[in-house]
There are 2 protein chains.
Amino acid sequence: MASTGTDPARKQRADSLRNQTALLEAAAAAFIASGVNAPVRDIAARAGVGVGTIYRHFPTRADLIVAVYRHQVEACAEAGPVLLAQSATPHAALASWIHLFVDFLVTKHGLAEAMRSDDAAFQTLHAYFLDRLVPVCADLLAAASAAGEIVPDMNPLVLMQGIGNLCIGADNPAYDARLMVDVVIAGLRVH
Amino acid sequence: MASTGTDPARKQRADSLRNQTALLEAAAAAFIASGVNAPVRDIAARAGVGVGTIYRHFPTRADLIVAVYRHQVEACAEAGPVLLAQSATPHAALASWIHLFVDFLVTKHGLAEAMRSDDAAFQTLHAYFLDRLVPVCADLLAAASAAGEIVPDMNPLVLMQGIGNLCIGADNPAYDARLMVDVVIAGLRVH
DNA sequence: AAACATACGGAACGAGGTTCCGTTTTCCCC
DNA sequence: GGGGAAAACGGAACCTCGTTCCGTATGTTT
């Protein structure tokens, strides 16, 4: 992520590593306080570095967001097969997994919006989330489909993006992302 | 909308009305060309006016968007009762009406995103759309619910917002808003 | 300790939204 | 028709925010 060195023998400088860590912590805090679109200058100030340092470590905002949430995305991805093995039915596993994903998204102010953005800077973000999660979703869909529980032709990519969309604005009390997601899950069933 | 006059006897000035019309046309063109977030300066240039004139007529971007799309929103609202009377079943009417709404949204680049924005400037937009369309949706839901075709507890406001969300990013070829909307419509059915 | 690569900071630039006020246009009244 | 007040105009100026750039500082290696 931050290995800019041309010579692979030379290790990353200590101050560089320190700043990178500080930036990750600052960004996480700023994202909680102001959403994932927190001003670059704010994040830099929180980390006690100049704005140039942010761009050196994380060329686009997406890189920073991915770095901050990587653990959680990985955990979500790994939960897929586990749920499939533990649940009573594939459809139940799919439902549980989608709820896991939704829980992750709705607690990250602005993340769902950002994933949707057509801004080139968010391309990385979009790609990372989808690359990591769509295959997991595809497996769950395939299992539920094979069991005859859901319609056979659901596209996992479309489903993930749709679920993501439904989570936008989840902090608005007049909206209820989880309810809409449940309607979608019900709609996947054979009928 | 543009009656700023303090004295109600005094009518709107001719140049003001001319500019207002020019702005509406320019905005409509700019929205088609660049989406509803087209730069203010661009819209002003298209209309051949200064930026100050935009703000005088339409204090927020939402006011301009509402003015541009008012006819279409009205048409959509009025179609609700008509569809209910003409369709074979209330659920069919609901489905048709939702498709009408979706067709409107997906052809307006950025509109669905804007409706979701928590920016105070879009409050008016959000309010207008929901005030006008939620009651129509509520009637359709009530009819379908009374006919025993759908689950009885769907909140029309949540449904409208959810449908709106699903339409975000509909111009991305890897996504399919209509498919997701169909899943939602299916999910509303009693099962 | 010297020399060199690496990384840093923050000024500077550009894009976009918004405000403000001197000037122009229109309208009303005589 | 002409004069003056009210209304509206235009666009410069300002603010915020993302992004770039380069002179300077800090590690690292020999």
Side-chain angles (χ1 to χ4, degrees), chain A residues 1-23 26-27 30-31 34-65 110 114 117-125, chain B residues 1-23 26-27 30-31 33-65 110 114 117 119-125:
Chain A
M1 167 98 9
S3 58
T4 322
T6 46
D7 177 2
R10 207 179 192 91
K11 63 185 179 188
Q12 183 181 27
R13 266 171 52 168
D15 56 344
S16 170
L17 191 67
R18 212 182 316 131
N19 280 332
Q20 188 169 316
T21 308
L23 274 171
F31 289 173
S34 327
V36 298
N37 290 309
V40 178
R41 274 174 253 256
D42 284 4
I43 300 173
R46 275 179 192 264
V49 305
V51 286
T53 302
I54 287 198
Y55 284 96
R56 199 164 311 103
H57 286 288
F58 306 100
T60 70
R61 181 177 296 271
D63 296 319
L64 187 53
I65 297 174
S117 168
D118 50 359
D119 186 335
F122 287 100
Q123 189 54 40
T124 312
L125 179 66
Chain B
M1 166 106 0
S3 59
T4 322
T6 46
D7 177 1
R10 208 179 190 90
K11 64 183 180 188
Q12 183 182 25
R13 267 171 54 167
D15 56 344
S16 169
L17 191 67
R18 212 181 317 129
N19 281 332
Q20 188 169 315
T21 307
L23 274 171
F31 289 172
S34 327
V36 298
N37 290 308
V40 178
R41 276 175 253 254
D42 284 5
I43 300 173
R46 275 178 193 265
V49 305
V51 285
T53 302
I54 287 198
Y55 284 96
R56 199 165 311 104
H57 285 288
F58 307 99
T60 71
R61 182 177 293 272
D63 295 318
L64 187 52
I65 296 174
S117 167
D119 187 334
F122 287 99
Q123 189 53 40
T124 311
L125 179 66

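The sequence lines fix the lettering, A, B, ..., with proteins before strands; numbering per chain opens at 1.
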ask   = Roughly how far, to the nearest 0.5 Å, is the CD atom of B:Q12 from the CZ atom of B:R18?
value =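 Atom-to-atom, B:R18:CZ and B:Q12:CD are 11.0 Å apart.
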task = Would you sort out whether A:N19 and A:S16 count as a side-chain hydrogen bond (donor to acceptor under 3.5 Å, both in side chains), showing the intermediate values?
result = CA-CA 5 Å; A:N19 280 332; A:S16 170; over 6 Å; no
B:D63 side-chain N/O to B:T60 backbone N/O, donor-acceptor pair under 3.5 Å =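 Answer holds: yes.
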query = Under the 3.5 angstrom rule, does the side chain of A:R61 hit a backbone N or O of A:A38 as a donor-acceptor pair?
reply =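 Yes; at least one donor-acceptor contact below 3.5 Å.
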Hey, is the side chain of [X] poking within less than 4.0 Å of OP1 or OP2 on [N], counting only N and O atoms?
| X | N | value |
| --- | --- | --- |
| A:H57 | C:dA7 | no |
| B:N19 | D:dA8 | no |
| B:R61 | C:dG17 | yes |
| B:R18 | C:dT26 | yes |

Rounded distance in Å - [atom1] ([X]) to [atom2] ([N]):
| X | N | atom1 | atom2 | answer |
| --- | --- | --- | --- | --- |
| B:R13 | D:dG10 | CZ | P | 11 Å |
| B:Q20 | D:dA7 | CD | P | 16 Å |
| B:Q12 | C:dT25 | CD | P | 18 Å |
| B:N37 | D:dC17 | CG | P | 17 Å |
| B:L17 | D:dA7 | CG | C1' | 14 Å |
| B:Y55 | C:dT18 | OH | P | 4 Å |
| A:D119 | D:dT19 | CG | C1' | 12 Å |
| A:I54 | D:dT20 | CD1 | C1' | 14 Å |

inquiry  = Closest-nucleotide mapping onto DNA chain C: is A:T53 or B:A38 further toward the 5' terminus? I mean the 5' end.
reply    =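 Final value for this comparison: A:T53.
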message = Can you work out whether B:T60 or A:V51 has the more 5'-proximal nearest nucleotide on DNA chain C?
response =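 Going by which nucleotide is closer to the 5' end, it is A:V51.
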Base D:dA8 to side chain B:R56, donor-acceptor N/O within 3.5 Å cut-off =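 Check fails, no donor-acceptor contact within cut-off.
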ask   = Does the base of D:dT16 carry an N or O that pairs as donor and acceptor with the side chain of A:R41 under 3.5 Å?
value =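 When only heavy-atom distances are counted, A:R41 does not reach the base of D:dT16 through any donor-acceptor pair under 3.5 Å.
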task = Would you sort out whether B:L64 and B:F31 count as a side-chain contact (heavy atoms from CB on, under 4.5 Å), showing the intermediate values?
result = CA-CA 11 Å; B:L64 187 52; B:F31 289 172; 4.2 Å; yes
